[in-house]
Amino acid sequence: MSSQGSRQTLVRQWEMLKLLPTRPPGMTAKDICQQLNDEGFQVSKRQVERDLEQLSHSFALICNDKGKPYGWHWMEGAGADVPAISAAEALSLTMVEKVLKPLVPTTVLKSMAPRLNQAKDKLTKLQQGASFGDWQNKVAYVPATLQQQTPKLSDEVLSNVQLALLHNQCIDVSYQPGAKPDALKSYTLHPLAMVQRGVSTYLVACVDPYDDPRLFALHRMQQATPRDDKSVKTPTGFTLKHYIDQGGLQFSDGNTLQLKARIDHKLAMHLTETPLSDDQHITTDGDKHLLSATVADSWQLDWWVKSMGAQIEILQPASLRTSIINDLQQALDNYQYR
């Protein structure tokens, strides 16, 4: 074979490796052949099969022969499109993994496995040198709130929702509402976006026949089936940024309120470093501080105020103050000896 022919073969095989998915059922030789020809490579299905067989001796490729036509995919944790990585990048990726691991579904982490494994391999090799210490004891992640376990999420549901979202397809789901955990509902959803909120993954979607975006927890979906015959209808003017800015992920109806509160010194220091809003203002009031900020009128605000306990006293709005007083009184009643 000429040097030109060898280069062409190398380029074709490299492109083939990048086409292969990272999980079963894999990609068939016919589909690989079609995509390579679409990209300008003149290759037959038989040549693709020979290439795959040859490459499987040097790369972590698996032929899924559980059903015909056979599908080819990378072994779990392996991948081709992985460029070189520096020591600093490897350490950063290791920390990112520690942050993500308790938050995101296992399936999502698996899709990142090639890059994360490369980072670990890089650090392990550097650790063998005298100048690089025990890297595993040099990075950690500590949650700012009480750590919760990730809810169980079906890999198939996650994969189908992701595909529907990417291809702008509607999706039929069997859903378990939080208010009625024993009742399954059937919905046709118009996927708009996917958001990770704490340990839970949410789909922002419209549900037929309505056109207002709502939140659906993926771990409450029992089944999810994309529909080839129905395209997504996106509400006029919808953007994920606007939806989040309006308090969609704080379980809000989009309204805001002017919060006024009396806070202690520790909370004042914390909010000075991490403000509640752009217009937040804190002034000294004797041994306390007065807080003013425009915030979303939401369940998240209510939860936050209660979590601050004696560090905060709501002054305005009156409706929020009354609600907090009633809830705190109920909490106190729960602790009274009977």
Side-chain angles (χ1 to χ4, degrees), residues 95 99-100 102-104 141-148 178-179 192-206 211-217 235-336:
M95 178 166 284
V99 173
L100 293 178
L103 296 178
V104 302
Y141 163 69
V142 178
T145 58
L146 186 66
Q147 183 61 62
Q148 296 173 273
L192 303 173
M194 189 179 294
V195 180
Q196 188 72 31
R197 185 182 185 278
V199 297
S200 298
T201 306
Y202 289 90
L203 179 69
V204 183
C206 296
D211 58 2
D212 56 316
R214 305 182 186 186
L215 284 177
F216 296 87
T236 303
F238 173 85
T239 67
L240 179 57
K241 182 180 184 306
H242 180 72
Y243 180 74
I244 293 175
D245 289 346
Q246 293 299 306
L249 269 297
Q250 297 181 41
F251 303 98
S252 165
D253 58 8
N255 294 324
T256 60
L257 56 81
Q258 189 66 30
L259 178 69
K260 294 185 182 297
R262 187 174 288 111
I263 58 178
D264 69 6
H265 182 64
K266 288 184 179 179
L267 184 54
M269 288 181 60
H270 175 66
L271 292 180
T272 299
E273 297 173 341
T274 56
L276 294 176
S277 66
D278 291 336
D279 67 351
Q280 174 181 291
H281 190 59
I282 297 177
T283 58
T284 302
D285 180 29
D287 59 349
K288 295 285 186 176
H289 300 269
L290 293 177
L291 165 71
S292 173
T294 303
V295 296
D297 184 4
S298 64
W299 171 88
Q300 185 76 23
L301 172 64
D302 191 72
W303 176 88
W304 178 79
V305 170
K306 293 173 188 173
S307 71
M308 292 300 103
Q311 295 183 81
I312 187 170
E313 176 195 353
I314 299 299
L315 302 176
Q316 293 181 13
S319 58
L320 178 61
R321 178 181 174 90
T322 300
S323 173
I324 296 297
I325 290 173
N326 291 338
D327 286 348
L328 291 179
Q329 185 60 59
Q330 181 62 57
L332 182 61
D333 291 344
N334 292 341
Y335 282 93
Q336 297 297 322

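Both backbone and side-chain heavy atoms feed into the values below; hydrogens, waters and symmetry mates do not. Here, residue 1 is the first one in the sequence, and each next residue gets the next number. Model, not experiment: these values are computed from the prediction.
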Stepwise side chain to side chain contact (heavy atoms under 4.5 Å, CB included) check, M194 with V204: CA-CA 6 Å; M194 189 179 294; V204 183; over 6 Å; no
Reported CG-to-NZ distance for the pair D327 and K306, which is rounded to 0.5 angstrom: 3.5 Å
Test item: I282 and P275 side chains (from C-beta on) under 4.5 Å apart, heavy atoms: no
Check: N334/Q330 side-chain N/O donor and acceptor closer than 3.5 Å: yes
D212 atom CG, over 12 foreign heavy atoms within 6.0 Å: yes
Side-chain donor or acceptor of D264 paired with backbone N/O of A310 under 3.5 Å: no
Side chain to side chain donor-acceptor pair (under 3.5 Å), paired with S292, selected from Q280, Q258, Q316: Q258
Donor-acceptor pair, side chain of S323 and main chain of S319, under 3.5 angstrom: no
Side-chain heavy atoms of V195 within contact of L240, under 4.5 Å: yes
Heavy-atom side-chain contact between L315 and L291 under 4.5 Å: no
W304 backbone acceptor or donor facing S307 side chain under 3.5 Å: yes
D297 CG to L257 CG distance, which is reported to the nearest 0.5 Å: 4.5 Å
Residue pair R214 / Y243: nearest heavy atoms and the distance that separates them: C-OH, 4.1 Å
Pairs flagged by ring-ring contact (aromatic ring centres under 6.0 Å, His included) wherever residues 256-288 is involved - sequence neighbours left out: H265-H289
Side chain to side chain contact (heavy atoms under 4.5 Å, CB included) evaluation trace for D211 with T236: CA-CA 9 Å; D211 58 2; T236 303; over 6 Å; no
Between CG on residue L203 and CG on residue L192, distance to nearest 0.5 Å: 7.5 Å
Chi angles and distances behind the side chain to side chain contact (heavy atoms under 4.5 Å, CB included) call for L271, L276: CA-CA 7 Å; L271 292 180; L276 294 176; 4.0 Å; yes
Distance-minimising heavy-atom pair for C206 and P213: SG-N, 3.9 Å
With sequence neighbours excluded, residues passing salt bridge (charged side-chain N to carboxylate O under 4.0 Å, His left out) with K260: none
Value rounded to 0.5 Å, distance of CD1 in I324 from CD1 in I314: 6.0 Å
Residues L320, L259; criterion side chain to side chain contact (heavy atoms under 4.5 Å, CB included); working and verdict: CA-CA 9 Å; L320 178 61; L259 178 69; 3.9 Å; yes
